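The model shown is predicted, which means the values in this text are computed figures rather than measured ones. Positions are given from 1 along the sequence.
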Amino acid sequence: MSLILNNIGLIYQRWQLYDQAFEYHENALQLAESLNDYFTIAYSFHNIGFCYQSEKKYDEALEAYVKSYKYYFDSDNEGGATSLALRSIGDIYFEKQDFDKALDYYYHSLRDALSETSIFRASYSRYSIGKTYSFLGQYDSASHYIEASLEISQNMGYDDLLRDNYLVMSEMHEYKGEFDQALSYYKMAMAINDSIFNKDKVAKFNELQIRYNLEKKEQENELLRNNMEIQSLQMQRDRLLKIILLIGLLFILAVSFY
């Protein structure tokens with residue numbers, strides 16, 4: 001049930017309704033804590049951290065991500081899970097422009113991902129490291145990690161990551177004055193972004209269709225409940241009329257015999 005509550009919260013995150021998402025993640029956390037389920041506690045804290053981060057409440061987000069890492073580690077899920085939490089911590093330090101700490105956590109995230117051969121997590125960690133080096137103007141180091149992440153994202157079809165890698169490549173070539181290559185990477189990034197956007201439009205349509213169907217079903221259920229209440233009242237009225245008629249008949253018979 002806690003995982004289900006978290007997943008409902010993730011849907012609200014997708015809709016950028018962070019107050020509602022936060023409420024579901026908090027309820028999920030309370031339930032997980034009542035069962036002392038460390039993995040689900042960690043999952044809940046990470047989702048709570050994302051809500052805070054989306055609202056630029058970085059101190060609160062950092063606290064939640066640190067707790068997420070601790071509970072993932074204590075639940076013997078060192079690897080992909082801890083890699084996710086560590087990278088999220090690194091993202092907060094990146095936002096705070098503490099790039100040394102950001103890189104420390106990104107490298108730790110990469111080590112944890114590689115420890116259990118989590119290709120997806122490792123690719124994202126490499127991207128985060130490369131993005132940071134690019135931001136610092138250390139393009140040789142940036143290229144090493146971005147190209148490694150780019151190769152995996154191309155082979156595995158990680159569209160979001162592929163787009164982000166192309167954008168960093170575009171920025172690096174632009175800074176170097178290599179504008180043709182910068183434009184080429186930017187166009188590739190935008191082409192993927194358009195593809196993702198079209199997928200998102202389809203997903204959004206499906207979400208709206210589901211919400212419409214749910215609301216329609218609720219209206220039908222409400223109408224059915226109202227009809228049942230009306231029928232129940234009619235049955236009560238008919239029963240009452242029968243009782244009144246019976247009492248009247250008995251009264252007439254009693255008077256006649258008297």
Could you tell me whether a side-chain N or O of [X] sits under 3.5 Å from a main-chain N or O of [Y], the two making a donor and an acceptor?
| X | Y | result |
| --- | --- | --- |
| Asn155 | Glu151 | yes |
| Ser34 | Leu31 | yes |
| Ser153 | Leu150 | yes |
| Ser134 | Gly130 | no |

>> Under a 4.0 Å threshold between the charged nitrogen and the carboxylate oxygen, would Asp59 count as salt-bridged to Lys96?
In response: yes

> With the threshold set at 4.0 Å, does a side-chain nitrogen-carboxylate oxygen contact exist between Lys242 and Asp238?
Replying inline: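 Looking at Asp238 together with Lys242, the answer is no, because their closest N to O distance does not fall below 4.0 Å.
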
>> In this structure, is the centre-to-centre distance between the rings of Tyr72 and Tyr38 below 6.0 Å?
In response: no

> So, Tyr127 versus Tyr145, ring centres under 6.0 angstrom or not?
Replying inline: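 Between Tyr127 and Tyr145, the centre distance exceeds or equals 6.0 Å.
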
> Can Tyr139 and Glu171 be said to form a side-chain hydrogen bond (donor to acceptor under 3.5 Å, both in side chains), step by step?
Replying inline: CA-CA 10 Å; Tyr139 299 123; Glu171 291 169 0; over 6 Å; no

>> Before you tell me yes or no, could you show the steps for Phe94 and Phe99 under ring-ring contact (aromatic ring centres under 6.0 Å, His included), namely the whole-Å CA-CA distance, both residues' side-chain angles and the distance that decides it to 0.1 Å?
In response: CA-CA 6 Å; Phe94 185 93; Phe99 301 114; 5.4 Å; yes

Report yes or no: do [X] and [Y] belong to one cluster of Ile/Leu/Val/Met/Phe/Trp/Tyr joined by side chain heavy-atom distances under 4.5 Å?
| X | Y | answer |
| --- | --- | --- |
| Tyr71 | Leu3 | no |
| Phe73 | Leu86 | yes |
| Tyr12 | Leu5 | yes |
| Leu17 | Ile4 | yes |
| Leu35 | Phe45 | no |

About how many Å separate [atom2] of [Y] and [atom1] of [X], when rounded to the nearest 0.5 Å?
| X | Y | atom1 | atom2 | result |
| --- | --- | --- | --- | --- |
| Met156 | Leu161 | CE | CG | 11.5 Å |
| Leu103 | His108 | CG | NE2 | 14.5 Å |
| Asn47 | Tyr43 | CG | OH | 5.0 Å |
| Ser2 | Glu33 | OG | CD | 9.5 Å |
| Thr82 | Asp74 | OG1 | CG | 11.5 Å |
| Tyr133 | Ser141 | OH | OG | 5.0 Å |

> Any idea which heavy atoms bring Ser68 and Ala42 closest together, and the distance?
Replying inline: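 Smallest heavy-atom distance, with atoms named: OG-O, 2.9 Å.
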
> For Ser143 and Lys176, which heavy atoms make the closest approach, and how far apart are they?
Replying inline: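 Heavy atoms only, the tightest pair is OG-NZ, 4.3 Å.
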
Just one of [options] clears the side chain to side chain contact (heavy atoms under 4.5 Å, CB included) bar with [X], so which one?
| X | options | value |
| --- | --- | --- |
| Ile243 | Leu246, Leu245, Ile247 | Ile247 |
| Tyr106 | Arg126, Lys131, Arg111 | Lys131 |
| Ile192 | Leu167, Leu162, Asp160 | Leu162 |

Donor-acceptor pair between [X] and [Y] side chains, under 3.5 angstrom:
| X | Y | value |
| --- | --- | --- |
| Tyr65 | Gln53 | yes |
| Asp112 | Tyr69 | no |
| Ser83 | Ser109 | yes |
| Tyr185 | Asn165 | no |

> Do Leu114 and Leu110 pass the side chain to side chain contact (heavy atoms under 4.5 Å, CB included) test, and can you show the C-alpha distance, the side-chain angles, and the key distance before you say yes or no?
Replying inline: CA-CA 6 Å; Leu114 292 175; Leu110 178 59; 4.0 Å; yes

Can you tell me if [atom1] on [X] sees more than 12 non-hydrogen neighbours from other groups inside 6.0 Å?
| X | atom1 | answer |
| --- | --- | --- |
| Tyr124 | OH | yes |
| Tyr186 | OH | no |
| Lys101 | NZ | no |
| Leu136 | CG | yes |
| Phe120 | CZ | yes |
| Tyr24 | OH | no |

> Yes or no on salt bridge (Lys or Arg N to Asp or Glu O under 4.0 Å) for Arg163 and Asp159, after CA distance, side-chain angles and deciding distance?
Replying inline: CA-CA 6 Å; Arg163 174 201 59 199; Asp159 286 348; over 6 Å; no

Do [X] and [Y] come close enough that some side-chain heavy atom pair is under 4.5 Å?
| X | Y | result |
| --- | --- | --- |
| Glu174 | Glu178 | no |
| Cys51 | Gln13 | yes |
| Leu240 | Ile244 | yes |
| Ile41 | Ser44 | no |
| Glu55 | Asp19 | yes |

> When you look at Ile119 and Ser123, which way does the side chain to side chain contact (heavy atoms under 4.5 Å, CB included) test go after all the steps?
Replying inline: CA-CA 6 Å; Ile119 297 174; Ser123 298; 4.1 Å; yes

> Under the side chain to side chain contact (heavy atoms under 4.5 Å, CB included) criterion, do Tyr18 and Gln16 qualify, and how do the steps go?
Replying inline: CA-CA 6 Å; Tyr18 298 113; Gln16 298 181 0; 3.6 Å; yes

>> Met172 vs Met169, test: side chain to side chain contact (heavy atoms under 4.5 Å, CB included). Steps then yes/no.
In response: CA-CA 5 Å; Met172 286 194 295; Met169 291 292 286; 3.5 Å; yes

